[in-house]
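What follows is a set of notes on a single structure, which appears directly below.
Reckoned from all heavy atoms, side chains included, excluding hydrogens, waters and symmetry mates. Keep in mind the model is a prediction, meaning the values are calculated, not measured.
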Amino acid sequence: QVQLVESGGGLVQPGGSLRLSCAASGSIFSINDVAWYRQAPGKQRELVAHITNGGSTNYADSVKGRFTISRDNAKNTVYLQMNSLKPEDTAVYYCNADINPSWQHLAPYNYWGQGAQVTVSS
(Lines give C-alpha, C1' and ligand atoms only; values in the text may rest on other atoms or scores of the structure.)
Protein backbone atom coordinates (compact mmCIF):
# COMPACT_ATOMS: atom_id res chain seq x y z
CA GLN A 1 0.00 0.00 0.00
CA VAL A 2 2.92 2.36 0.56
CA GLN A 3 4.06 4.12 -2.60
CA LEU A 4 6.43 6.91 -3.60
CA VAL A 5 5.13 9.08 -6.42
CA GLU A 6 7.50 11.46 -8.15
CA SER A 7 6.61 14.59 -10.08
CA GLY A 8 8.22 17.73 -11.45
CA GLY A 9 10.54 16.38 -14.11
CA GLY A 10 10.75 17.81 -17.59
CA LEU A 11 12.83 19.66 -20.14
CA VAL A 12 14.78 22.74 -19.13
CA GLN A 13 17.49 24.86 -20.72
CA PRO A 14 20.98 25.05 -19.24
CA GLY A 15 21.01 27.43 -16.31
CA GLY A 16 17.36 26.81 -15.57
CA SER A 17 15.68 25.30 -12.53
CA LEU A 18 13.36 22.45 -11.67
CA ARG A 19 11.88 21.13 -8.46
CA LEU A 20 11.23 17.43 -8.06
CA SER A 21 8.73 16.15 -5.54
CA CYS A 22 8.45 12.72 -4.01
CA ALA A 23 5.23 12.10 -2.12
CA ALA A 24 4.71 9.05 0.04
CA SER A 25 1.21 7.70 0.24
CA GLY A 26 -0.50 4.83 1.97
CA SER A 27 -0.51 3.61 5.54
CA ILE A 28 2.66 5.19 6.90
CA PHE A 29 3.87 5.25 10.46
CA SER A 30 7.11 7.12 9.90
CA ILE A 31 9.56 8.15 7.18
CA ASN A 32 13.22 7.94 8.06
CA ASP A 33 16.14 8.75 5.76
CA VAL A 34 15.33 9.90 2.23
CA ALA A 35 17.64 10.20 -0.76
CA TRP A 36 17.63 11.18 -4.40
CA TYR A 37 19.53 9.11 -6.95
CA ARG A 38 19.99 9.59 -10.66
CA GLN A 39 21.00 7.43 -13.55
CA ALA A 40 22.07 8.66 -16.96
CA PRO A 41 22.24 6.40 -20.03
CA GLY A 42 25.35 4.27 -19.97
CA LYS A 43 26.33 5.40 -16.49
CA GLN A 44 26.04 3.97 -13.02
CA ARG A 45 23.34 5.12 -10.67
CA GLU A 46 24.70 7.72 -8.30
CA LEU A 47 23.61 9.27 -5.06
CA VAL A 48 22.67 12.91 -5.57
CA ALA A 49 21.42 14.07 -2.18
CA HIS A 50 20.48 12.63 1.17
CA ILE A 51 18.52 13.89 4.16
CA THR A 52 18.20 12.22 7.53
CA ASN A 53 15.19 12.09 9.77
CA GLY A 54 16.77 14.90 11.78
CA GLY A 55 17.27 17.11 8.75
CA SER A 56 20.99 16.65 8.14
CA THR A 57 21.92 16.72 4.46
CA ASN A 58 24.74 15.75 2.17
CA TYR A 59 25.28 16.09 -1.56
CA ALA A 60 27.34 14.71 -4.37
CA ASP A 61 30.23 17.00 -5.22
CA SER A 62 28.82 17.52 -8.70
CA VAL A 63 25.66 19.19 -7.38
CA LYS A 64 26.88 21.01 -4.28
CA GLY A 65 25.80 24.63 -4.28
CA ARG A 66 23.18 23.99 -6.95
CA PHE A 67 20.80 21.37 -5.53
CA THR A 68 18.90 21.44 -2.25
CA ILE A 69 17.08 18.54 -0.66
CA SER A 70 14.32 19.24 1.84
CA ARG A 71 11.37 17.53 3.42
CA ASP A 72 7.90 18.40 4.62
CA ASN A 73 6.98 15.81 7.20
CA ALA A 74 3.39 17.04 7.47
CA LYS A 75 2.92 16.27 3.77
CA ASN A 76 5.08 13.13 3.72
CA THR A 77 6.97 14.72 0.86
CA VAL A 78 10.61 15.27 -0.01
CA TYR A 79 11.83 17.80 -2.56
CA LEU A 80 14.87 18.31 -4.70
CA GLN A 81 15.35 21.90 -5.82
CA MET A 82 17.70 21.96 -8.80
CA ASN A 83 19.20 25.27 -9.87
CA SER A 84 21.81 26.23 -12.46
CA LEU A 85 21.14 23.01 -14.31
CA LYS A 86 23.75 21.64 -16.67
CA PRO A 87 23.44 19.18 -19.56
CA GLU A 88 25.33 16.62 -17.49
CA ASP A 89 22.45 16.68 -14.99
CA THR A 90 20.29 14.93 -17.58
CA ALA A 91 19.15 11.64 -16.07
CA VAL A 92 16.27 9.75 -14.57
CA TYR A 93 15.92 10.80 -10.96
CA TYR A 94 14.66 8.39 -8.32
CA CYS A 95 13.67 9.06 -4.74
CA ASN A 96 14.41 6.44 -2.15
CA ALA A 97 13.10 6.27 1.38
CA ASP A 98 13.18 4.09 4.45
CA ILE A 99 9.61 3.88 5.70
CA ASN A 100 7.89 2.15 8.57
CA PRO A 101 4.41 1.15 7.38
CA SER A 102 1.61 1.46 9.90
CA TRP A 103 1.59 -2.29 10.31
CA GLN A 104 5.32 -2.66 11.00
CA HIS A 105 7.18 -0.43 13.47
CA LEU A 106 10.27 -2.48 14.25
CA ALA A 107 12.34 -2.19 11.09
CA PRO A 108 11.75 0.04 8.06
CA TYR A 109 11.27 -1.07 4.49
CA ASN A 110 13.04 0.58 1.59
CA TYR A 111 10.94 2.07 -1.21
CA TRP A 112 11.72 3.57 -4.61
CA GLY A 113 9.84 6.12 -6.66
CA GLN A 114 8.98 5.41 -10.28
CA GLY A 115 11.58 7.80 -11.67
CA ALA A 116 11.37 11.27 -13.16
CA GLN A 117 13.09 12.24 -16.39
CA VAL A 118 15.10 15.45 -16.24
CA THR A 119 16.51 16.69 -19.53
CA VAL A 120 18.76 19.74 -19.70
CA SER A 121 19.26 20.85 -23.27
CA SER A 122 19.22 23.89 -25.52
Side-chain angles (χ1 to χ4, degrees):
Q1 292 183 346
V2 175
Q3 293 182 316
L4 298 179
V5 180
E6 300 181 31
S7 61
L11 175 65
V12 65
Q13 296 185 30
S17 298
L18 285 173
R19 188 179 75 162
L20 300 180
S21 298
C22 177
S25 63
S27 299
I28 298 170
F29 178 74
S30 65
I31 301 176
N32 303 305
D33 287 17
V34 182
W36 285 96
Y37 292 81
R38 69 184 182 187
Q39 187 166 22
K43 300 185 68 176
Q44 294 183 336
R45 182 175 58 189
E46 65 174 337
L47 177 66
V48 176
H50 171 258
I51 185 167
T52 69
N53 192 43
S56 298
T57 60
N58 69 292
Y59 301 89
D61 288 340
S62 59
V63 306
K64 284 182 179 178
R66 301 188 297 119
F67 289 13
T68 302
I69 187 172
S70 61
R71 61 193 295 166
D72 186 335
N73 292 331
K75 297 181 179 180
N76 286 337
T77 300
V78 63
Y79 305 95
L80 185 66
Q81 179 66 46
M82 303 181 292
N83 299 325
S84 301
L85 283 162
K86 305 175 181 179
E88 50 263 43
D89 295 319
T90 296
V92 178
Y93 285 71
Y94 299 91
C95 63
N96 176 267
D98 293 322
I99 298 175
N100 285 105
S102 296
W103 47 269
Q104 206 288 98
H105 299 176
L106 183 60
Y109 290 91
N110 187 255
Y111 296 88
W112 288 91
Q114 82 279 11
Q117 177 69 52
V118 173
T119 302
V120 185
S121 176
S122 299

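Sorted by first and then second residue, the pairs that involve residues 31-61 and meet ring-ring contact (aromatic ring centres under 6.0 Å, His included), not counting sequence neighbours, are Y37-W112.
Cluster annotation: Y111 is not connected to Y79 through the hydrophobic network of ILVMFWY side chains, with a link wherever side-chain heavy atoms come within less than 4.5 Å.
Of the inter-residue distances, the one linking Q39 atom CD with Q44 atom CD reads 8.5 Å to the nearest 0.5 angstrom. To the nearest 0.5 Å, the span separating CD on Q81 from CG on L18 amounts to 8.5 Å. In this structure, CG in N53 is found 10.0 Å from CG in D98, a value given to the nearest 0.5 Å.
Annotation: side-chain hydrogen bond (donor to acceptor under 3.5 Å, both in side chains) contacts of K64 (sequence neighbours excluded): D61. Residues satisfying the side-chain hydrogen bond (donor to acceptor under 3.5 Å, both in side chains) criterion with E46, sequence neighbours excluded, are R38. The side-chain contact (heavy atoms from CB on, under 4.5 Å) check on V120 picks up V12, P14, L85, P87, D89, T90, V118, with sequence neighbours excluded. In this structure F67 satisfies the ring pair (Phe, Tyr, Trp, His ring centres under 6.0 Å) test with no other residue, sequence neighbours excluded.
S84 and R66 get closest at one heavy-atom pair: O-NH1, 3.0 Å. Across all non-hydrogen atoms, the minimal contact from L47 to A35 is CD1-CB, 3.7 Å. Heavy atoms only, all atoms of each residue included: I99 and P101 are closest at O-CD, 3.3 Å. Here the closest heavy-atom approach between residue Q117 and residue A91 is recorded as NE2-O, 3.4 Å. For the pair G113 and Y94, the tightest heavy-atom approach, listed with the atom from each and the gap, is O-CD2, 3.7 Å. Contact record, Q114 with L4: OE1-O, 3.5 Å, taken as the closest heavy-atom pair.
For the pair E6 (side chain) and L20 (backbone), a donor-acceptor distance under 3.5 Å is absent. One N or O on the side chain of R71 and one on the backbone of T52 form a donor-acceptor pair closer than 3.5 Å.
The side-chain heavy atoms of Y109 and V2, taken from C-beta on, include no pair separated by under 4.5 Å.
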In a table with atom names and distances, give each donor-acceptor pair under 3.5 Å that connects a side chain of residues 21-32 to protein atoms at least two apart or in another chain.
from	atom 1	to	atom 2	distance (Å)
S27	OG	Q1	OE1	3.3
S30	OG	N100	OD1	3.2
N32	ND2	N100	OD1	3.2

